[in-house]
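This report concerns only the one structure given below.
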Amino acid sequence: MERTYKVPASTYFGLGLFVAGLAFVCLLVPCIIAYPARPLPQIVLLSVLAAATPVATIWWLSRFRITIAPGALTYSSLYCGERTINLSDIESAEVVFQRGFGVRPLLEVRTPGVTLRINFKVFSHEAREDLFQVAGANKHLQPAPR
């Protein structure tokens, strides 16, 4: 039986609302309290940018998807596209921390030819449990040293 998981609505709402508030505070509030007043085209441009920011965030979240089929695992995201691995090819799976813009935990699934890094934090608890069970990741969800 094939199971497909997407980002839950609560994440869309929470992160979308947070980004909308942040865009409002950072882009529109300075225009509102600026002295002398900003020109109208600049205010309109910043308003469009403030509205586009949460829309882009929601679109980014909509690209995340995990599909677990009887013999395959498919992960889809905006940055890595869609990648599929056979469950029988999995050599190891572990939680690792990726550094960059902060530190984020990823599930790293290794096969002979592919290393798949899955951002599991955006998915529901049920999806994470299913993913870890299928991938055979370290059972205690402890990060691997890097």
Side-chain angles (χ1 to χ4, degrees), residues 1-34 38 42-146:
M1 178 173 91
E2 187 173 288
R3 301 172 305 278
T4 299
Y5 298 103
K6 295 181 179 184
V7 175
S10 60
T11 303
Y12 281 102
F13 181 73
L15 195 57
L17 193 59
F18 173 75
V19 170
L22 190 63
F24 176 77
V25 168
C26 293
L27 295 173
L28 295 180
V29 168
C31 284
I32 292 170
I33 62 173
R38 300 279 183 187
Q42 187 178 26
I43 293 173
V44 170
L45 179 65
L46 289 172
S47 298
V48 168
L49 186 60
T53 304
V55 171
T57 301
I58 290 170
W59 179 74
W60 170 70
L61 286 172
S62 72
R63 303 290 100 195
F64 285 100
R65 187 176 66 250
I66 295 173
T67 302
I68 301 171
L73 171 66
T74 302
Y75 174 64
S76 177
S77 74
L78 180 63
Y79 300 121
C80 76
E82 186 173 291
R83 298 177 76 184
T84 301
I85 58 174
N86 291 325
L87 295 177
S88 60
D89 292 342
I90 295 176
E91 293 176 338
S92 67
E94 60 188 348
V95 175
V96 297
F97 286 126
Q98 182 182 43
R99 288 166 178 49
F101 296 108
V103 177
R104 63 183 168 150
L106 301 172
L107 177 63
E108 186 175 84
V109 182
R110 289 189 201 102
T111 64
V114 177
T115 299
L116 183 62
R117 290 192 173 137
I118 300 173
N119 184 356
F120 62 89
K121 293 293 283 183
V122 296
F123 294 99
S124 68
H125 184 69
E126 174 191 358
R128 288 186 295 231
E129 282 183 355
D130 196 8
L131 175 65
F132 278 86
Q133 182 179 2
V134 167
N138 46 356
K139 301 301 179 198
H140 303 292
L141 304 181
Q142 296 297 318
R146 288 276 166 176

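In what follows, residues are counted from 1 in the order of the sequence shown.
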On a heavy-atom basis, which atom in [X] and which in [Y] lie closest, and how many Å separate them?
X	Y	answer
Val95	Pro105	CG1-CB, 4.2 Å
Ala135	Ile90	O-CG2, 3.8 Å
Ala72	Leu87	N-CG, 3.8 Å
Val7	Thr11	CG1-CB, 3.5 Å
Leu106	Asn119	CD2-CA, 3.6 Å
Leu27	Cys31	O-SG, 3.7 Å

About how many Å separate [atom2] of [Y] and [atom1] of [X], when rounded to the nearest 0.5 Å?
X	Y	atom1	atom2	result
Ile58	Thr53	CD1	OG1	11.0 Å
Arg128	Ile66	CZ	CD1	10.0 Å
Tyr12	Leu61	OH	CG	6.0 Å
Thr67	Lys6	OG1	NZ	8.5 Å
Tyr79	Phe64	OH	CZ	7.5 Å
Leu45	Arg38	CG	CZ	12.0 Å

Checklist entry - Which of these, Ile118, Thr115, Val109, Leu116, sits in a side-chain contact (heavy atoms from CB on, under 4.5 Å) with Arg83? => result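 It is Leu116; the other options fail the test.
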Name the atoms and distances for all side-chain donor-acceptor pairs under 3.5 Å in residues 13-24, with sequence neighbours left out.
none

Item to check | Residue Glu126 excluded, over 12 heavy atoms near CD under 6.0 Å | outcome: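 Open: at most 12 neighbouring heavy atoms sit under 6.0 Å from CD of Glu126.
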Item to check | Derivation and outcome, side chain to side chain contact (heavy atoms under 4.5 Å, CB included), residues Ile43 and Ser47 | outcome: CA-CA 6 Å; Ile43 293 173; Ser47 298; 4.2 Å; yes
Next on the checklist: If the test is side chain to side chain donor-acceptor pair (under 3.5 Å), which one of Arg104, Arg117, Glu108 qualifies with Gln98?
Outcome noted: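 Going through Arg104, Arg117, Glu108 one by one, the side chain to side chain donor-acceptor pair (under 3.5 Å) with Gln98 is satisfied by Arg104 alone.
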Item to check | With Arg65 via side chain to side chain donor-acceptor pair (under 3.5 Å) - residues at least two apart | outcome: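 With sequence neighbours excluded, Arg65 shows a side chain to side chain donor-acceptor pair (under 3.5 Å) to Glu82, given in chain and number order.
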Next on the checklist: Tell me whether the rings of Phe123 and Tyr75 are parallel (<30°), tilted (30 to 60°) or perpendicular (>60°).
Outcome noted: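 The rings of Phe123 and Tyr75 stand perpendicular, inter-plane angle above 60°.
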Checklist entry - Is there a side-chain contact between Ile68 and Gln133 (heavy atoms, below 4.5 Å)? => result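 No, side chains not in contact.
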Next on the checklist: Could you walk me through whether Leu131 and Leu73 satisfy the side chain to side chain contact (heavy atoms under 4.5 Å, CB included) test, starting with their C-alpha distance in whole Å, then the side-chain angles of each, then the deciding distance to 0.1 Å, before giving a yes or no?
Outcome noted: CA-CA 9 Å; Leu131 175 65; Leu73 171 66; 3.8 Å; yes
